[in-house]
Amino acid sequence: MQESSPAGRVEELRELLRKYDYSYYVLDDPQVADFEYDRLYAELKRLEEEHSELTTPDSPTRRVGGRPLEGFAQVAHGEPMLSLDNSYSEEELIEFDRRIARGLGEEGPFDYVAELKFDGLGVSLRYENGVFVQGATRGDGRTGEDVTANLRTVRSLPLKLKGENLSPPLPGLLEVRGEVYMTRSGLERVNAQRREAGEPEFANPRNSAAGSLRLLDSSLTAKRPLKLFIYQLLGAGWPGARPRFYSHSQVLSWLKEAGFPVNPNWCSCVGIKQVIGYCRRWAELREELDYNIDGVVVKLDHLDLRERLGRTSKAPRWAMAYKFAAEQARTRLLAIEIQVGRTGALTPTARLEPVFLAGTTVSNATLHNEDEIERKDIRVGDWVWIEKGGDIIPKVTAVDLKARPADSQPYRMPDSCPVCGSRAVREPGEVVRRCSNAACPAQVKERIRHFTSRGAMDIEGAGPALVDQVVEKDLVRDVAGLYTLNKEELAGLERMGEKSAENLLAGIEDSKRRGAARLLFAL
DNA sequence: AGAAGAGTTT
DNA sequence: AGACCCTAGA
DNA sequence: TCTAGGGTCTAAACTCTTCT
């Protein structure tokens, strides 16, 4: 290779390394031996050091850079990151199809795109003139955290997009959404190293991916085997006079051409029957993948039809997630514990003999309410079946009656509050039983907790333990009491040093700048 | 060094 | 992120 | 009578900061 100038050679090397990165990390198809790649990388690094004027943020050498962050900045999403409606059966998919026909006033069959539903964490990425400039977590859907430095280390994330021969061409500003995940083999590899180093192992790919993205030191993130799939382009097809895209399948092809890692297993389907076939197929094949999926995402393909259907406040009407059947486990129900919420509602939860299920050790589960326990005749001492709703929240689904102890008794909900002893009343027509004492410490604490929570006044440093103490010590009787706390009072609390007290008071001060809407919700 | 507590994610 | 319940409105 | 929307519950893993 004959280089004309350092600048030319640098650009040549970058192009080459980008190409090799893409083959290796996106296509899983290495084009060169490691030592050849390392040689080119070293040469580029040397040239960039010798000619510092040539360094650019989209160079393959710049995936890790700089010092650890102090914290993550907040990023407002241009469009909210919504969730999807869920379905758990083929009947529900057929109902979804009917709802679309009704909504559009048209007969099917409709064109759908079926994709795998990855089990990772959602991210939103921004590109300016084809260069990756910012990446954020989902957060509450409206505002997330700026994890750009960590995302830069994800090798399948293109720092620079391929602009040539793209039709339509790359826009100046571009935002895409996708899922960061860790492969099963990647997790094994990391855990082998951690075992070796005497460090605790990670429990499952999803949580290790989520944790890895929250490291303040991106050089550590770089050592975690994170990967990425992109599945959404924002604003595709509108606004603007002429739609640039007509269908989601066209968008997916375009994303791939632009250099994004698009999962190859998506499928165009004509009619819901073909979608169901796809779901059945992947319920079987999922075990063969090196990454976890928890279902299938079904989307109407044509963008103009999507626009006509619109969305509800929490999810688009033109898409549906189909969730695979959840794993189950059998364990012993040790006790039923009653928790008292901020509205006084008594909610039963199950204490379980710990059991490993779908990547976590489960020792608690929700029992929803009194009627639910009665319906399923759940008793303390029973062997019960549990599963995780949406792979997240454990719940008791059934009792193994054959294993029931002979002396077991039906469960009776207490008619007094377990915290303050006041009468717990269930109003006619109501499902929940409530503690009748508005001054009940549990209710007071929960009201204050709600007030300080993110989404409400977002007061940093006011967690459950702090609220517990200030209420117990009678320093705070209602939310207004938070604003009269002072350093001397705080100094008397457990685990409350100078730094913590300062941080909390700063958090309280900061909360005074929240808007009226937030205040209203907080109360 | 180790643990508690808070915050964030699914 | 799911399940459930209640309310309001078609 | 159905359903969209809002509210209120629930569990576990992980990282970071601060305290002991």
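No donor-acceptor contact under 3.5 angstrom links the side chains of A:Glu460 and A:Asn503, judged on distance only. For the 3.5 Å distance criterion, the side chains of A:Asn364 and A:Thr349 fail to qualify, holding no donor opposite an acceptor.
In this structure, the CD1 atom of A:Ile386 is 17 Å from the P atom of D:dT10, given to the nearest Å. As a whole-Å value, the separation of A:Glu370 CD from D:dT10 P is 16 Å. For A:His368 and C:dA3, the NE2 to P distance is 8 Å, given to the nearest whole Å. When the P atom of D:dA13 is taken as reference, atom CD1 of A:Ile392 falls 12 Å away, rounded to whole Å. Computed from coordinates, the A:Arg206 CZ to D:dA12 C1' distance equals 10 Å when rounded to whole Å. The NZ atom of A:Lys323 sits 8 Å away from the P atom of C:dA3 (whole-angstrom rounding). We find that CD of A:Glu427 is positioned 17 Å from P of C:dC5, with the value rounded to whole Å.
Side chain of A:Ser436 to main chain of A:Arg423: a donor-acceptor pair is present (N/O by atom type, distance under 3.5 Å, no hydrogens or angles).
Under a 4.0 Å N-O distance rule, the pair A:Arg426/A:Asp371 qualifies as a salt bridge. A salt bridge is defined here as a Lys NZ or Arg NE, NH1 or NH2 lying under 4.0 Å from an Asp or Glu carboxylate O, and A:Glu489 with A:Lys473 fails to meet this definition. Electrostatic pairing of A:Arg214 and A:Glu145 counts as a salt bridge here, judged by a charged N lying under 4.0 Å from a carboxylate O. Salt bridge annotation for A:Lys376-A:Glu372: present, with a cationic side-chain nitrogen under 4.0 angstrom from a carboxylate oxygen. Between A:Arg330 and A:Asp400, at least one side-chain nitrogen of the basic residue sits less than 4.0 Å from a carboxylate oxygen of the acidic one, meeting the salt-bridge criterion. Using a 4.0 Å cut-off between charged nitrogen and carboxylate oxygen, A:Glu95 and A:Arg102 count as a salt-bridge pair. Note on A:Lys117 versus A:Glu179: no salt bridge recorded, every NZ/NE/NH1/NH2 to OD/OE distance being 4.0 Å or above.
A:Leu367 comes within 4.0 angstrom of no nucleic acid atom, judged by non-hydrogen atoms across all strands. If you check every strand for non-hydrogen atoms under 4.0 Å, A:Gly122 touches sugar and phosphate atoms only. Nucleic acid contact for A:Phe118: none, since no nucleic acid atom lies under 4.0 Å from a heavy atom of the residue. Nucleic acid contact class of A:Leu121 (heavy atoms, under 4.0 Å, all strands): sugar-phosphate only.
Ring geometry, A:Phe260 versus A:Tyr127: the interplanar angle exceeds 60°, so the pair is classed perpendicular (tilted spans 30 to 60°). By the 30° and 60° cut-offs, the orientation of the rings of A:Tyr112 relative to A:Phe110 is perpendicular.
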Given protein heavy atoms under 4.0 Å, the one-letter contact record of nucleotides 1-9 of chain D, with B base, S sugar-phosphate only and - none, is simply ----SB-SS
Assign a letter to each nucleotide of nucleotides 14-20 of chain D from its 5' end: B, base within under 4.0 Å of a protein heavy atom; S, sugar-phosphate only; -, no contact. SSSSBBS
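In terms of position along DNA chain C, the nucleotide closest to A:Gly120 lies nearer the 5' end than the nucleotide closest to the other residue of the pair A:Gly120 and A:Asp371.
Ring pair A:Tyr291/A:Phe229: centre-to-centre distance below 6.0 Å.
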For A:Met457 and A:Leu519: C-alpha separation, side-chain torsions, deciding distance, then whether side chain to side chain contact (heavy atoms under 4.5 Å, CB included) applies. CA-CA 7 Å; A:Met457 299 303 275; A:Leu519 179 62; 3.9 Å; yes
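Comparing the P positions of D:dC9 and B:dT10 gives a spacing of 23 Å, expressed to the nearest Å.
Scanning residues 133-143 of chain A for heavy-atom distances under 4.0 Å to DNA chain B yields A:Thr137, A:Arg138, A:Gly139.
Phosphate contact (OP1/OP2 of C:dC5, side-chain N/O of A:Asn369, threshold under 4.0 Å): present.
Under the side chain to side chain donor-acceptor pair (under 3.5 Å) test applied with A:Ser124, the options A:Arg138, A:Glu79, A:Arg177 reduce to a single match, A:Arg177.
Judged as a side chain to side chain contact (heavy atoms under 4.5 Å, CB included), and not counting sequence neighbours, the contacts of A:Glu509 are A:Lys512.
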Can you name the atoms? Protein N/O to nucleotides 6-10 of chain C N/O, anything below 3.5 Å, with the distance.
residue : atom : partner  : partner atom : Å
C:dC6   : OP1  : A:Gly429 : O            : 3.4
C:dC6   : OP1  : A:Val431 : N            : 3.2

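Contact footprint of chain A on DNA chain B: nucleotides with an atom under 4.0 Å from a non-hydrogen protein atom, first to last in 5' to 3' order, B:dA3 to B:dT10.
Between A:Ile100 atom CD1 and A:Glu106 atom CD the span is 11.0 Å, to the nearest 0.5 Å.
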